[in-house]
There are 2 protein chains.
Amino acid sequence: MVEQDDRLSRVFGALADPTRRDMVARLAAGDATVSELAAPYAVSLQAVSKHLKVLEEAGLVQRSRDAQRRPVHLDAEVFDLMTKWIERYRRQAEERYRRLDQVLARMQGKDIDDTDDPRRPNDAERQHRPEGAAG
Amino acid sequence: MVEQDDRLSRVFGALADPTRRDMVARLAAGDATVSELAAPYAVSLQAVSKHLKVLEEAGLVQRSRDAQRRPVHLDAEVFDLMTKWIERYRRQAEERYRRLDQVLARMQGKDIDDTDDPRRPNDAERQHRPEGAAG
DNA sequence: GTCTTGCTCAACCATGTGGTTGATTAAACG
DNA sequence: CGTTTAATCAACCACATGGTTGAGCAAGAC
């Protein structure tokens, strides 16, 4: 990934790591400091600090200050971004599935010989629009 | 990621790439062959083939056979896995937020001086259970 | 059989990622 | 002041990732 500045990529990327996912899970229960977060894992504090940086850059957490401590707070809003993306295409896929069922039902007993042009199993291109278009 | 065998990591990881996300988006509209999928992108067919392998290993798509073509089909079921994970912690975070509001409301005008032990900003550890436990 | 099409495999390269250790900053404690 | 605590920065390492090109393979076309 030479260029990976887009939001969704960073969020998905951040959640692609089990340790980070576990941190998010724990932060959902309440804020925690870096060392508190680090405690259960068999890695250095620095490694955890790095993980937090990734989560922060993805907009999943915020780090504030309390003396030398840096309480970490989960920002659950970004979840919506993901859910929206996922749901959009899940719905689309499901709809297509339903339509396919209908087509199959209608096709029962019909001639399915399309020697004319056996390729083009779909028309995805036509319906496609880049992900930035809507939300 | 030295070890990345768990499902959720692979799914999130697969979706952390804009090209792969775009492919998923297009596949939601209908199946497509590798070259059809590759067409819009400025990368080699081999690169696209690799992306598809990642999506396949994440359980997001299935590749079948039709002569020399390999129609790719989106398997939207895995989306549920993600949504469940996300929703679980989003809900938890929201609940906590609501409870925090109540606590703050109750605290109005009270003495908030806890010089006794200024640390321990949360009790995440207690409530935490590993992500494998439920779904 | 040979050619062409559609795709994958293999090797390679640059960059990213997750981990390490060591040094450093910042604030509280003595 | 110097020390301890909490966390970050910096340099480094092994391996993963995303891209490339070139070769190979399987199935239809000729």
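For A/His51, taking side-chain heavy atoms from C-beta onward, the closest of the listed nucleotides C/dG19, D/dT20, D/dG18 is C/dG19. Comparing C/dA27, D/dA27, C/dG19 by their closest approach to the side chain of B/Arg65 singles out D/dA27.
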Audit row: B/Glu95, B/Arg98, side-chain contact (heavy atoms from CB on, under 4.5 Å) steps and yes/no: CA-CA 5 Å; B/Glu95 240 172 69; B/Arg98 265 194 298 278; 3.8 Å; yes
Give every pair of a protein N or O atom and an N or O atom of nucleotides 8-10 of chain C that lie under 3.5 Å apart, one pair per line with the distance.
unit_1	atom_1	unit_2	atom_2	d
C/dT8	OP1	B/Arg63	NH1	2.6
C/dT8	OP2	B/Ser49	OG	2.3
C/dT8	O5'	B/Ser49	OG	3.4

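Here B/Arg90 pairs with A/Ala76, A/Phe79, A/Asp80, B/Glu87, B/Glu94 under the side chain to side chain contact (heavy atoms under 4.5 Å, CB included) rule; sequence neighbours left out.
Between A/Ser35 and D/dT5 there is no side-chain polar atom (N or O) within less than 4.0 angstrom of OP1 or OP2.
For the pair A/Arg69 CZ and C/dA27 P, the interatomic distance rounds to 13 Å; values are reported in whole Å. Rounded to a whole Å, the CG atom of B/Leu55 is 14 Å from the C1' atom of D/dT17. The OH atom of A/Tyr41 sits 15 Å away from the C1' atom of C/dG18 (whole-angstrom rounding).
Under the 3.5 Å distance criterion, the side-chain polar atoms of B/Arg70 are left unmatched by any main-chain donor or acceptor of B/Arg63. The main-chain N or O of B/Arg20 is found under 3.5 Å from a side-chain atom of B/Asp17 such that the two form a donor-acceptor pair. When atom types are taken as modelled, the side chain of A/Glu36 and the backbone of A/Thr33 share a donor-acceptor pair closer than 3.5 angstrom.
In the model, B/Asp6 has a side-chain atom that pairs as donor or acceptor with a side-chain atom of B/Ser9 under 3.5 Å.
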